[in-house]
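The structure under discussion appears below in the form of structure tokens.
We count ligands from 1, going down the list as the structure has it; atoms in each ligand are counted the same way. On a predicted model such as this, the values are computed, not experimentally measured, just so you know.
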Amino acid sequence: MNGRGTAVVTGASSGIGAATARALAAAGFSVVLGARRAERIEAIAEEIGGAARAYPLDVTDQSSVDSFCAHVGADCRVLVNNAGGALGLDPIATADETKWQRMHDTNVMGVLRMTRALLRGLIESGDGHVITIGSVAAFEAYAGGAGYNAAKHAARAVMDVLRIELVGRPVRVSEIDPGLVETEFSLVRFDGDQARADAVYDGITPLTADDVAEVVAFVATRPSHVDIDQVVMRPRDQARVWLVHRDKP
Ligand code: NDP
Ligand code: 8X3
């Protein structure tokens, strides 16, 4: 069953993006997966089967975005801007500009590049939907978070403006803002340091990628007149980014 049209998922090679591609396919979408690790998205598309397709995508590179979107064609109905992440947890005093620029390029400019490239088709579909995976970091500052905070705050502003600019057009704009989700996120943030990444989830039951994907699929399958503007979701043990209850043996 692929009666709901085409859904593009960026950053579909792991974590929330991979789970979202599976969930949207199960909900009846023909999914198109994009990420830099081509072999991973090809394997996930093959596992999903049916009309799932996978093409390499680097959202920081306009020519890669153009080639990817040429494969998608004109019939995209849902775009899930998921590609992104954090690099480091450095205080502002010792901030690494390269990391800040990479975070901005992926989490903000990537959202712009993908949305701009597919927007015309989304409008012409008569029932388009842009869903962006933000973060609680989009509205909650925390020590060491400045570069990622700034990027996710900016991505949120972009989505707010898009919602305003599209009012009266047949396109919904939704933002899903999760707290702690156990994926490769922390491994990437801490540059492959597995022990440091594991410590982030120590003593709590974090959200899973499937928990978030289930919400994305719910948001994407509401009737056309229902726009779920924003969803904030966290593990029960997390009240703020920095306020986490941990069970210690
Ligand atoms: P993962 O690290 O598991 O997944 C990140 C995905 O983004 C990968 O598929 C990666 O693929 C892709 N990606 C990174 N850079 C690029 C790029 N330049 N072009 C295309 N794809 C890219 O982390 P999550 O699944 O957790 O992260 C998904 C989103 O959720 C991110 O936007 C993150 O900020 C957000 N988020 C995560 C939370 C968490 O606690 N895990 C909480 C709140 C929000 P590849 O490397 O193959 O290109
Ligand atoms: C990921 C959640 O708390 O690491 O977006 O910023 S957090």
Heavy-atom distance to [atom]: which of [options] wins?
atom: atom 26 (O) of ligand 1; options: N82, T183, V212, V111; value: T183
atom: atom 5 (C) of ligand 1; options: G85, G17, G84; value: G84
atom: atom 36 (N) of ligand 1; options: Y201, Y148, F68; value: Y148
atom: atom 38 (C) of ligand 1; options: S135, G179, P235; value: G179

Is it true that atom [atom1] of [X] has more than 12 heavy atoms of other residues, nucleotides or ligands lying nearer than 6.0 Å?
X: R120; atom1: CZ; result: no
X: L243; atom1: CG; result: yes
X: R246; atom1: CZ; result: yes
X: R222; atom1: CZ; result: yes
X: E46; atom1: CD; result: no
X: D191; atom1: CG; result: no
X: Q230; atom1: CD; result: yes
X: R40; atom1: CZ; result: yes

Identity and separation of the nearest protein heavy atom to [atom]:
atom: atom 1 (P) of ligand 1; value: S14 OG, 3.4 Å
atom: atom 41 (N) of ligand 1; value: V181 O, 2.9 Å
atom: atom 4 (O) of ligand 2; value: R189 NH1, 3.3 Å
atom: atom 1 (C) of ligand 2; value: F185 CZ, 3.4 Å
atom: atom 3 (O) of ligand 2; value: V241 CG1, 3.5 Å
atom: atom 7 (S) of ligand 2; value: Y142 OH, 3.6 Å
atom: atom 2 (C) of ligand 2; value: S135 OG, 3.7 Å

Practice task
Verify the distance criterion only: is there a donor paired with an acceptor across the side chains of T208 and D211 at less than 3.5 Å?
Solution key: yes
Handout entry: Polar side chain donor-acceptor pair, S125 to D127, under 3.5 angstrom
Key = no
Look at the side chain of [X] and the backbone N and O of [Y], then say whether any donor-acceptor pair between them is shorter than 3.5 Å.
X: R172; Y: D227; answer: no
X: K99; Y: A86; answer: no
X: H129; Y: L79; answer: no
X: T132; Y: G134; answer: no

Can you sort out which atoms of ligand 1 are near [X], meaning under 4.0 Å from one of its heavy atoms?
X: G134; answer: 35 (C), 36 (N), 43 (C), 44 (C)
X: A35; answer: 11 (O), 47 (O), 48 (O)
X: G15; answer: 3 (O), 25 (O)
X: T60; answer: 18 (N)
X: D58; answer: 17 (C), 18 (N), 19 (N)
X: P178; answer: 42 (C), 43 (C), 44 (C)
X: G11; answer: 6 (C), 7 (O), 8 (C), 9 (O), 12 (C), 21 (N)

Exercise for the section: Answer with yes or no whether L180 contacts ligand 2, where contact means a heavy atom under 4.0 Å from a ligand atom. Expected result: no
Exercise for the section: Of the side chain and backbone of K152, name the one, both, or neither that has a heavy atom under 4.0 Å from an atom of ligand 1. Expected result: side chain
Exercise for the section: For ligand 1, note which part of L57 has a heavy atom under 4.0 Å away: side chain, backbone, both or neither. Expected result: backbone
Exercise for the section: Following the transitive rule for hydrophobic clusters with a side-chain heavy-atom cut-off under 4.5 Å over Ile, Leu, Val, Met, Phe, Trp and Tyr, establish whether L57 and L118 coincide in one cluster. Expected result: yes
Practice task
Determine, using the 4.5 Å side-chain heavy-atom cutoff (strictly less than), whether V111 and L162 are members of one ILVMFWY cluster.
Solution key: yes
Handout entry: Under 3.5 Å: N/O of Q238 near N/O of ligand 2
Key = no
Exercise for the section: Evaluate the ring planes of Y55 and H71, with Trp represented by its six-membered ring, and classify them as parallel (under 30°), tilted (30 to 60°) or perpendicular (over 60°). Expected result: parallel
[X], any N or O under 3.5 Å of ligand 1 N or O:
X: V136; value: no
X: T106; value: no
X: V59; value: yes
X: S13; value: yes
X: V188; value: no
X: I16; value: yes

Problem - Under 4.0 Å to a heavy atom of Y148 - the qualifying atoms of ligand 2, by number - result: 1 (C), 5 (O), 6 (O)
Exercise for the section: For A137, counting its heavy atoms only, list the atoms of ligand 2 lying under 4.0 Å from any of them. Expected result: 6 (O)
Exercise for the section: Establish, for the pair R189 and Y148, whether the NZ or CZ atom is under 6.0 angstrom from the six-membered ring centre and no further than 45 degrees off its axis. Expected result: yes
Exercise for the section: With heavy atoms only and a cut-off of under 4.0 Å, state how K152 meets ligand 2: side chain, backbone, both or neither. Expected result: neither
Handout entry: Proximity flag I133 to ligand 1, non-hydrogen atoms under 4.0 Å
Key = yes
